[in-house]
Each structure stands twice: as C-alpha cells, then as structure tokens.
**Q** 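Take a look at the following structure, please.
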Amino acid sequence: MLLGAQVRMSGGLAAALDRGTAMGADAIQLFTQNARAWRATNHDPEVLKAFRGRQAHSPTVRATYCHATYLINLASPAAEVYERSRACLASNLAVASAIGSAGLVLHVGSHLGEGLAASLSRIVEALAASLEASGGACPILLENTAGAGGSIGRSFDELAAVISAAGGDRRLGICLDTQHLWAAGASYATLEEADALVSELDACVGLDRLACLHLNDSKVGRGAARDRHENLGAGTIGGQALGHLLGHPRLQHLPAILEVPGEEGHGPGPRDLAAARAIHAAGLARWRRG
Ligand SMILES: [Zn+2]
C-alpha cells in the first residue's frame with residue numbers, strides 16, 4: 001500500500017511535489033487550482049510537461065492524485081452553477097492529464113433536495129464531456145461523501161447509480177474517504193464490519209473501480225453526516241478501526257492519502273505519515289491473526 005499525503009500548492013506544482021518527497025510520501029494529492037475559487041490557474045505548459053519527469057526522479061513519490069475544486073456541483077439545477085461546474089471540471093481534468101496524474105478525485109455535488117434521479121443526466125453529461133475533451137488518460141474518481149444535505153455519494157448505491165447512468169464508463173472510478181464513510185454511518189470498528197463493508201462495495205460498485213483511499217480520522221461521531229477530518233488516532237474512529245480497513249487483504253494494492261489537519265493545522269506532515277504507517281502495520285498484523 002502506498003501511503004501518501006495532500007500537499008500544499010504554494011510555490012506551484014514542482015514545489016508541491018518536492019514537499020511530498022521531503023516528507024517521504026509514497027503518493028501525493030494536490031489541487032491544480034485554488035480549491036475554493038472558479039478561476040483556473042494558468043499553468044505554464046512547460047511546467048506541466050516537466051512534472052512527469054520530476055515525479056519519475058522523486059525517490060519516494062510514485063503517484064500523484066489531483067483533487068477537483070470544491071465549488072463544482074454537477075447536479076446543480078441552477079444553469080449558471082452547472083455550466084461553471086462543467087467548465088471547471090474540464091480544466092481540472094486537463095491539468096491532471098497533462099501532469100500524468102493517476103486520478104482526479106471529485107465530489108459530484110448536491111442535488112439540493114431534487115433527488116439523485118432528477119440530476120443523473122446532468123451529472124453524466126458533464127463527466128462524459130470532460131473525459132472526451134481530455135482524451136481520457138486520467139480517470140475521474142468519484143468520492144463518497146459524509147452525507148450532508150443533498151450531497152451525492154453517501155452510499156455505495158449512489159456512487160453505483162452515477163456510474164451505471166454513465167454506461168459503466170471505465171474511466172470512472174471511486175475514492176473512499178474513511179472519515180466520510182464513518183460520518184455517513186458505516187462502521188468498521190470490528191474486522192467483521194470492515195470485511196462486510198468491503199464486500200458491500202464489491203457487490204454495489206465492484207472493487208476493480210476502487211482506485212484510492214482517503215485516510216482520515218473524524219472530529220464528529222459516526223453518523224453525524226459532517227465532513228470534519230481529524231489527525232489519525234485523535235478522533236472518534238481511532239487507530240484500531242482505521243487499521244481494520246488499511247490492513248484489509250483486498251485493499252493492499254491501493255494508495256491511502258492523508259488529508260488530516262496535521263500538528264499545526266497546515267496539513268499532513270512526517271509525523272502523520274509515521275502514524276499512518278504504524279496503523280497500516282498493526283492492521284496487517286490484526287488481519288493475519290484473524
Ligand atoms: Zn477526502
């Protein structure tokens with residue numbers, strides 16, 4: 001399992017990659033533009049091209065994931081928000097493809113009370129358009145959500161519904177966030193529960209779609225339906241339960257990426273990676289004991 005971390009973008013793409021290498025991350029995740037603004041960053045095409053070579057020479061980083069802009073709502077019934085979301089997704093995916101990213105993680109959005117069924121055609125049209133425009137080299141990874149409001153992806157069934165409406169497009173995958181799972185009510189406090197969860201995902205979506213984990217503890221209790229990440233071992237999930245998922249025999253080929261606040265609130269650092277490695281090792285040992 002590759003253990004990685006979200007990295008800050010100050011100084012640009014190359015600086016972000018160097019930050020991941022410096023903390024010893026096996027994988028990184030970055031935003032290709034400001035996470036909370038529509039405006040696309042004007043990356044120098046040479047910098048985008050050079051990124052692949054720079055990553056190939058990193059002694060630690062084996063894969064780069066991108067996270068899409070938070071404002072994107074592919075389910076929005078408001079025409080202006082929807083059009084902006086489509087354009088924003090397309091530019092996120094273009095940059096992700098250009099740097100050789102292993103996947104663009106996306107929160108699909110919220111149907112704002114209209115229901116998932118009513119928004120499916122809008123969602124799949126936008127996904128297909130950006131995949132076509134980018135050439136499809138970088139997959140879009142739909143992330144599960146904590147389940148607030150009308151957010152889409154609170155259950156494996158909702159993620160499966162989007163993929164199925166998209167005709168099972170092979171360029172669509174899944175990213176599972178441990179905190180969102182917990183906040184949406186799923187439990188993996190025991191090995192049996194963790195195993196049942198993996199089997200449920202396999203039955204609903206197919207494990208072959210699962211491309212990435214987001215590894216976070218939770219500031220809020222199970223079922224609280226809020227997206228609030230905490231440092232590993234300091235939240236309501238705890239290291240032992242996280243180990244049940246991280247050590248699961250069927251998930252060992254995946255990267256797990258930290259999106260925790262870190263010691264000083266600036267994001268994950270070496271200490272968080274060390275905690276992740278310890279939890280992974282303990283989880284593997286737990287599964288071996290059975
Ligand atoms: Zn996440």
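Scope of the values below: all heavy atoms of this structure, side chains included, with no hydrogens, waters or symmetry mates. Fair warning: this is a prediction, and the values are worked out from it, not measured in the lab. Every number for a ligand or one of its atoms is a count from 1 in the order of the listing.
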**Q** Salt bridge check, Arg170 against Asp208: does any charged N sit closer than 4.0 Å to a carboxylate O?
**A**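 Arg170 and Asp208: salt-bridged.
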**Q** Find, among atoms of Glu259 that are N, O or S, the one nearest to the Zn ion (ligand 1), and state its name.
**A**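 Of all N, O or S atoms belonging to Glu259, OE1 is the one nearest the Zn ion (ligand 1).
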**Q** Does the pair Asp195/Arg250 count as a salt bridge with the N-to-O cut at 4.0 Å?
**A**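 So Asp195 does not pair with Arg250 through a salt bridge.
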**Q** Taking the six-membered ring for Trp and the full ring for Phe, Tyr or His, determine whether the centres of His180 and His214 are under 6.0 Å apart.
**A**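 No.
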**Q** Measure from the ring center of Tyr188 to the ring center of His244 and say whether it is less than 6.0 Å.
**A**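 They do not qualify: ring centres at least 6.0 Å apart.
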**Q** Quick check: does His229 have an N/O/S atom under 2.8 Å of the Zn ion (ligand 1)?
**A** no
**Q** Could you identify the N, O or S atom of His214 positioned closest to the Zn ion (ligand 1)?
**A**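 His214's closest N, O or S atom to the Zn ion (ligand 1) is named ND1.
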**Q** Any N/O/S atom, backbone or side chain, of Asp177 lying under 2.8 Å from the Zn ion (ligand 1)?
**A**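 Checking the Zn ion (ligand 1) against Asp177, an N, O or S atom does fall under 2.8 Å.
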**Q** Under a 4.0 Å threshold between the charged nitrogen and the carboxylate oxygen, would Arg271 count as salt-bridged to Glu264?
**A**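 No salt bridge links Glu264 with Arg271.
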**Q** Which atom, among the N/O/S set of Glu143, is closest to the Zn ion (ligand 1)?
**A** OE2
